[in-house]
Amino acid sequence: MSYANLMERIGQVNDLLNTQSILNWDARTMMPEGGHETRAKQLATLSVLTRDLLVSAETRRLVDAAEKEVESLDADDVRKVMVAQVREAFDYHEAIPAELTRRRVELGSIGHAVWAKARAENDFAQFVPLLEETVSLNRELAEVRGYEEHPYDALMYRFEPGETVSSLQPLFARLREGLLPLIKAIAQKEQPRADFLERTYPADRQHRLGLMMARTIGYDLERGRLDTTLHPFEVSFTRNDVRITTRFYENYLPASLFGALHEAGHALYEQGVDPAYTRTPFATDLVGLYAVGGVSFGAHESQSRLWENHVGRSRAFWDLHFATARDIFPEQLADVSTEEFWRAVNRVRPGFIRVEADELTYDFHVMLRTEIEAALIDGSLKVKDLPEAWNATIKEYFGLDVPSDTLGVLQDVHWSSGQIGTFCNYTIGNVMAGQLFETASRQPAIADGLRSGNYRPLYGFMADNIYRHGRRYGRDELLVRSTGRKLDPEPYVAYLTAKYSEIYGLQGNGSCQ
Ligand code: ZN
């Protein structure tokens with residue numbers, strides 16, 4: 001009985017977390033401006049209640065009793081794994097002093113306004129005290145959590161369990177070695193035509209195209225919907241209600257189109273979790289306190305990037321679907337060929353802004369931030385020296401001079417929320433997507449499907465190997481089970497090399513010396 005009672009309690013935690021997600025979704029899509037202040041209070045109240053429900057004397061009693069009840073089961077028995085996950089989360093939250101949590105919440109609540117003002121006025125100095133406090137609180141959190149080698153490891157644990165500064169070093173080195181020569185070679189080449197991407201594309205028709213493409217790859221609208229927002233995201237309130245959002249620029253088509261495909265990729269993951277795991281630890285991030293079925297931020301990003309890039313930016317995809325885009329935008333795309341469209345949406349242009357970066361330069365923005373965060377946390381970089389370090393790295397990677405802090409250190413919202421340790425997952429996701437796609441597309445049925453527009457076989461591979469398990473297995477365990485090895489950058493580097501060698505006509509399929 002104890003096990004059943006513990007699961008009912010986790011079900012309640014999941015209910016509270018999903019309720020917070022709904023309030024967040026509403027705040028970012030529908031809520032009028034005036035609702036912000038009271039909405040923030042509602043969310044704060046719910047998050048205190050959630051933590052108190054999880055870390056209570058009653059939950060401790062239930063965990064203790066459930067551990068005895070499942071003691072004799074096999075180590076990989078679902079019930080035993082669930083109880084172990086609850087124990088881990090319980091210990092995690094119990095170790096963090098309430099005072100530290102209170103200070104982090106407070107900081108997070110004022111941070112956004114301070115950051116937004118500093119960014120608007122291009123004045124990093126205004127943001128310095130807040131960022132110093134953020135670094136110091138996160139450093140305290142790392143000490144409370146404990147770590148073996150680097151304090152930053154303790155912070156990444158919440159988002160990408162198992163990843164460390166020393167595991168990232170060889171991964172980043174390989175990406176730099178593999179991708180920088182491509183970027184340098186492309187800089188010498190002529191750019192493809194892309195003028196037509198900036199014609200006038202009415203938002204309602206962009207919405208129609210985005211939704212059609214999301215459905216084409218398997219997004220289930222019986223359990224989903226697409227809305228408008230400022231910063232696109234996907235959110236699930238159990239697998240039965242998984243929503244996506246995108247933004248519409250009337251003068252730039254790719255933002256909404258690839259935004260919808262990206263978020264639909266996240267949504268496929270959540271819609272594909274085994275229904276038996278609904279309201280259980282396998283559909284609840286009990287450490288991060290977020291209702292989600294994906295096992296890590298990186299694993300989640302692997303699915304958005306796989307469907308957005310490996311599928312949605314492929315030549316085969318537009319050979320099949322460009323006609324649909326032209327039906328919806330007959331005038332805007334009248335003088336454009338499939339080939340021109342495909343080349344244009346894959347253009348490589350090193351720039352200052354992470355969220356606007358193309359597939360080839362994106363990881364450099366991530367590496368920059370991850371290394372800077374680690375250096376801030378271990379004290380080897382001071383907050384006041386941040387712009388100098390940032391700008392020097394952009395110069396080193398892209399040969400560009402950062403013209404202002406608004407286009408440099410002040411561009412991301414992340415630090416204003418008090419959080420450090422969340423950047424590496426974007427690159428982990430890219431690498432994981434490369435590895436999964438390479439293995440999957442070796443299956444003839446999947447390769448045929450990609451050529452003929454039948455995405456069910458690829459969806460089936462991902463559902464079987466990744467989605468249905470929810471949070472049962474760790475990221476690397478999923479990779480070993482599906483591809484035979486842990487995270488490996490080679491397929492990703494090979495994919496980018498082949499793709500951009502074709503688009504830009506680089507010599508020898510990627511030897512760009
Ligand atoms: Zn994403």
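Numbers here simply count residues along the sequence, with the first being 1. Both ligands and their constituent atoms are indexed starting at 1 by order of listing.
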Taking the six-membered ring for Trp, is the centroid-to-centroid distance between Phe159 and His300 below 6.0 Å? no

What protein N, O or S atoms come within a distance below 2.8 Å of the Zn ion (ligand 1), ordered by chain and number? His262 NE2, His266 NE2, Glu301 OE1

Residues that Tyr290 engages under side-chain hydrogen bond (donor to acceptor under 3.5 Å, both in side chains), provided they are two or more places apart: none

Would you please classify the geometry between the Tyr459 ring and the Trp307 ring as parallel, tilted or perpendicular, with 30° and 60° separating the classes? tilted

In this structure, are over 12 heavy atoms from other groups packed under 6.0 Å from Arg485 atom CZ? yes

Carboxylate-amine/guanidinium contact Asp15 Arg279, below 4.0 Å: yes

How about Tyr277 and Arg468: does a side-chain donor come under 3.5 Å of a side-chain acceptor? no

